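This report concerns only the one structure given below.
What you see is a predicted model; the values in this text were computed from it and never measured. Positions are given from 1 along the sequence.
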Amino acid sequence: FFFNDTATTEIYTEQIVGSVRCVQETGALGVENENGDIKQKLQWAEQQRSQNKPTVPSTIGEEKKTNVFMRCDLESSQKKFQLNDPVETLKALRELKNKNGSLL
């Protein structure tokens, strides 16, 4: 899945499954402000909401492009925290989200 080490993968996967949120709920641009997929998803979500339409469900493929909790192995998510470790990045994301209620 993400790692060669089974224990790390299990911990990481368990935390991701509990952390999947809509892009507009997480403040994903606060982490990856140059991610065009996130910008596009936010525009789409705003349009959906303006028409009283749901913004879920999503696909795993789409979440891998827009959900920073599923992008901890990428430099684009790690650089906000000046980290280069996916597990530590996930931990930092979770701590920020818990503290502030969003990633902004």
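Under the 4.5 Å side-chain criterion, counting only non-hydrogen atoms from C-beta, I60 is in contact with M70. Counting only heavy atoms from C-beta outward, the side chains of V68 and K80 never approach each other to under 4.5 Å.
Under the side chain to side chain donor-acceptor pair (under 3.5 Å) criterion, E62 pairs with K41, sequence neighbours left out. Remark: K53 engages Q48, Q51 in a side-chain contact (heavy atoms from CB on, under 4.5 Å) (not counting sequence neighbours). For Q78, the side-chain contact (heavy atoms from CB on, under 4.5 Å) test picks out N84, P86, T89, with sequence neighbours left out. Listed by chain and residue number, nothing satisfies the salt bridge (charged side-chain N to carboxylate O under 4.0 Å, His left out) test with E95 (two or more places apart in sequence, or in another chain). Residues forming a side-chain contact (heavy atoms from CB on, under 4.5 Å) with N33 (at least two apart in sequence, or on another chain): none.
Closest of all the heavy-atom pairs between T66 and A28 is O-CB, 3.8 Å.
One distance of note links CG of N67 with OG of S58; it measures 8.5 Å at 0.5 Å rounding. Considering CG of N35 and CD of Q40, their distance stands at 10.0 Å, rounded to 0.5 Å. Residue I38 holds its CD1 atom at 12.0 Å from NZ of K65, rounded to the nearest 0.5 Å.
Between C72 and the choices L90, V87, D85, the side chain to side chain contact (heavy atoms under 4.5 Å, CB included) rule is met once, by L90.
Checked by atom type and distance alone, the side chain of R71 pairs as donor or acceptor with a backbone atom of K64 at under 3.5 Å. Between the side chain of T55 and the backbone N or O of A45, no donor-acceptor pair lies under 3.5 Å.
If you chain together hydrophobic residues whose side chains sit under 4.5 Å apart, L74 and F81 never meet in one group. Both L83 and V31 are members of a single hydrophobic cluster when ILVMFWY side chains are connected at heavy-atom separations under 4.5 Å.
Defined by atom type and a distance below 3.5 Å, a donor-acceptor pair is present between the side-chain atoms of R94 and N98.
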